[in-house]
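The first residue of the sequence shown is numbered 1, and numbering continues consecutively from there.
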Amino acid sequence: MVGQIKAKPEVNIAFQTLATTAIQRSANGILCILVNDDTQTTHWTEIGNIADLTAEDWDSHTVEIIKSAYLVYSPKKILIRAIQSDERSDYSPLLKELENKNIDVLACPSADNSKDSTVVAWIKSVFGTDSIGKTIQYVSSHSNGADHVAIIELANTGNYKTTVGTFTAQEFTVTIGAMIAGCPINVSLDNKIVTGLTDVAEIEATKGKFSLYNDDGKYRINYAINSKTTFNNMWKKDTRKIKVVSGMLQIVKDIRNTFRDYWIGNYLNGYDNKMNFCSNVTKVYFKELEPNILSADYKNYITIDFEAQKRYIVTEGLDPDEMTELEILKYPTGDDVYLVGDVRFTDTMSNLFLSIMM
């Protein structure tokens with residue numbers, strides 16, 4: 001809110017998708033797994049690769065679940081929360097533990113429909129609607145019709161037979177979550193073969209559902225999409241793609257972290273420093289993302305938000321119509337920094353339309 005006094009420094013990057021700031025998430029993200037396990041006595045365990053897994057510390061089926069995260073793409077690391085028997089009645093305290101953890105994708109293989117609903121509601125709350133809060137995505141087999149960019153609904157039902165074990169659909173969300181977290185930045189999961197998957201019930205592809213199909217004995221992903229099915233100026237149809245949303249989350253995370261670590265408290269909030277920040281993002285950060293992440297054929301940029309500056313000036317009791325454009329852009333805004341941007345993603349090829357004249 002323009003002119004509102006804040007208790008602490010805040011970076012609020014809102015996405016408005018004619019002029020949205022959005023970037024592809026970098027490869028090798030962090031997967032978090034909440035799983036029932038009474039054998040493991042340590043609440044939180046971090047593993048960087050499968051060699052870090054000490055099998056005797058876990059229930060044998062938990063070991064299979066963790067191994068399933070390495071069937072296709074490997075996350076940068078996996079954070080595992082072992083849920084003890086006396087903690088399983090209510091997931092709310094567990095989710096509270098996640099609030100300040102740096103994770104990209106969440107999977108809850110032990111969650112029943114009720115617990116899953118709790119997780120879905122929490123994801124929607126912390127992610128936000130008009131702007132992005134916590135940068136996280138959740139894969140669920142129970143959710144239906146979430147209509148949210150951060151919720152991926154796995155559609156194929158029944159058991160998933162793999163080379164490392166047999167899993168329920170909810171357990172197999174670990175594999176899908178790992179694929180999302182570990183997917184390289186220059187590709188998507190559209191039509192990707194799920195290596196190690198040997199059998200699963202087929203299902204007709206449906207809008208808002210992440211589904212797999214049998215291609216002559218190999219199981220492939222249809223569109224790698226989330227549950228978003230209704231669109232507006234904030235969330236346009238491209239935001240149904242996991243690749244695009246992952247990019248949005250990465251730009252939020254990167255710019256927030258950069259602003260927090262290098263700018264807050266270190267630079268006076270004047271016109272020159274604002275433009276310097278914009279230049280760093282536009283000419284350095286965005287350029288590094290072209291062409292694999294952002295379109296090299298589009299002018300990707302951020303700049304001072306002219307309209308927000310005008311609204312701030314009004315809160316000061318002045319009339320921006322009596323000022324020049326430069327005076328408006330240079331007007332001091334206390335400790336608030338109002339920026340606006342416009343970018344375009346590069347997506348992978350999916351649909352071919354070919355006309356051949358003869």
P109 vs I33 side-chain heavy atoms within contact, under 4.5 Å: yes
Same apolar cluster (I L V M F W Y, side chains within < 4.5 Å links), I255/M275: yes
Intermediate values then yes/no, side chain to side chain contact (heavy atoms under 4.5 Å, CB included), V281 and F286: CA-CA 6 Å; V281 173; F286 283 175; 3.7 Å; yes
More than 12 heavy atoms of other groups within 6.0 Å of Y262 OH: no
Worked check of side chain to side chain donor-acceptor pair (under 3.5 Å) between D305 and Y312: CA-CA 11 Å; D305 189 339; Y312 186 92; over 6 Å; no
Side chain to side chain contact (heavy atoms under 4.5 Å, CB included) evaluation trace for L339 with C278: CA-CA 8 Å; L339 306 179; C278 292; 3.6 Å; yes
Side chain to side chain, S68 and T162, heavy atoms closer than 4.5 Å: no
Pairing of D104 and K253 as salt bridge, 4.0 angstrom limit: yes
Test item: N36 side-chain N/O and S85 main-chain N/O as donor-acceptor pair under 3.5 Å: no
Under 3.5 Å donor-acceptor, S140 side chain and E153 backbone: no
Salt bridge (charged side-chain N to carboxylate O under 4.0 Å, His left out) partner of R88, chosen from D38, D112, D37: D38
Donor-acceptor contact present, side-chain S141 to main-chain Q170, <3.5 Å: yes
Separation of W122 CH2 from Y91 OH (nearest 0.5 Å): 13.0 Å
Verdict with supporting geometry, R81 and E87, side chain to side chain contact (heavy atoms under 4.5 Å, CB included): CA-CA 11 Å; R81 175 57 159 90; E87 300 178 296; 2.8 Å; yes
Residues K241 and D190 bridged, charged N to O under 4.0 Å: yes
Sidechain-backbone polar pair: D147 side chain, T229 backbone, donor-acceptor under 3.5 Å: yes
Lys NZ or Arg CZ of K330 over Y271 ring: under 6.0 Å, within 45°: yes
Distance, nearest 0.5 Å, that separates CG of L197 from CD1 of I176: 8.0 Å
Donor-acceptor contact below 3.5 Å, side chain N269 vs main chain G334: yes
No-hydrogen, no-angle side-chain donor-acceptor test under 3.5 Å, N226 and Q137: no
Spacing of T62 atom OG1 and I80 atom CD1 [to the nearest 0.5 Å]: 8.5 Å
Cluster check V284, I304: I/L/V/M/F/W/Y, side chain < 4.5 angstrom: no
Side chain Q309, main chain Y331, donor-acceptor under 3.5 Å: yes
Between N159 and T166: side-chain donor-acceptor atoms closer than 3.5 Å: no
Separation of S246 OG from I180 CD1 (nearest 0.5 Å): 6.5 Å
Smallest separation among heavy atoms of K243 and V187, with atom names: NZ-O, 3.6 Å
Criterion side chain to side chain contact (heavy atoms under 4.5 Å, CB included) on C108 and D116, from CA distance to verdict: CA-CA 8 Å; C108 299; D116 180 81; 5.9 Å; no
In one Ile/Leu/Val/Met/Phe/Trp/Tyr side-chain cluster, 4.5 Å: I193, V200: no
Nearest heavy-atom neighbours spanning T195 and L71: O-CB, 3.4 Å
K134 side chain to E99 backbone, donor-acceptor under 3.5 Å: yes
Side chain to side chain, I242 and F210, heavy atoms closer than 4.5 Å: yes
K67, NZ: over 12 other non-hydrogen atoms inside 6.0 angstrom: no
Donor-acceptor contact present, side-chain W58 to main-chain E64, <3.5 Å: no
Polar side chain donor-acceptor pair, E97 to H43, under 3.5 angstrom: no
Shortest non-hydrogen contact between S211 and N156, atoms and distance: CA-OD1, 3.3 Å
Charged tip of R311 within 45° of Y338 ring normal and under 6.0 Å: no
D342 side, atom CG; T282 side, atom OG1 - distance, nearest 0.5 Å: 10.5 Å
Distance in Å, R256 CZ paired with D261 CG, rounded so as to fall on 0.5 Å steps: 13.0 Å
Main-chain N/O of N276 paired to S279 side chain as donor or acceptor, under 3.5 Å: no
Any side-chain heavy-atom pair of Y160 and L154 under 4.5 Å: yes
Student check: side-chain heavy atoms of I78 and Y70 closer than 4.5 Å: yes
E204 atom CD, neighbour heavy-atom count above 12 within 6.0 Å: no
Common cluster, Y267/V337, ILVMFWY with side-chain heavy-atom separation under 4.5 Å: yes
hydrophobic_cluster_shared for V164 and Y73, side chain cutoff 4.5 Å: yes
Enclosure of L268 CG (heavy-atom neighbours >12, cutoff 6.0 Å): no
Side-chain donor or acceptor of K274 paired with backbone N/O of L329 under 3.5 Å: no
Aromatic ring pairing F277/W263, orientation class (parallel under 30°, perpendicular over 60°, tilted between): perpendicular
From CA spacing to verdict: side chain to side chain donor-acceptor pair (under 3.5 Å), N300, K287: CA-CA 8 Å; N300 304 295; K287 286 299 179 184; over 6 Å; no
Within 6.0 angstrom of D321 CG, more than 12 heavy atoms from elsewhere: yes
Nearest heavy-atom neighbours spanning W235 and M248: CZ3-SD, 3.6 Å
Student check: side-chain heavy atoms of D52 and K77 closer than 4.5 Å: no
Considering all heavy atoms, the nearest I151-S143 contact: CG2-OG, 3.9 Å
Parallel, tilted or perpendicular, as decided by the 30° and 60° cut-offs, for the rings of H148 and F127: perpendicular
I221 versus Y213, closest heavy-atom pair with distance: O-CE2, 3.8 Å
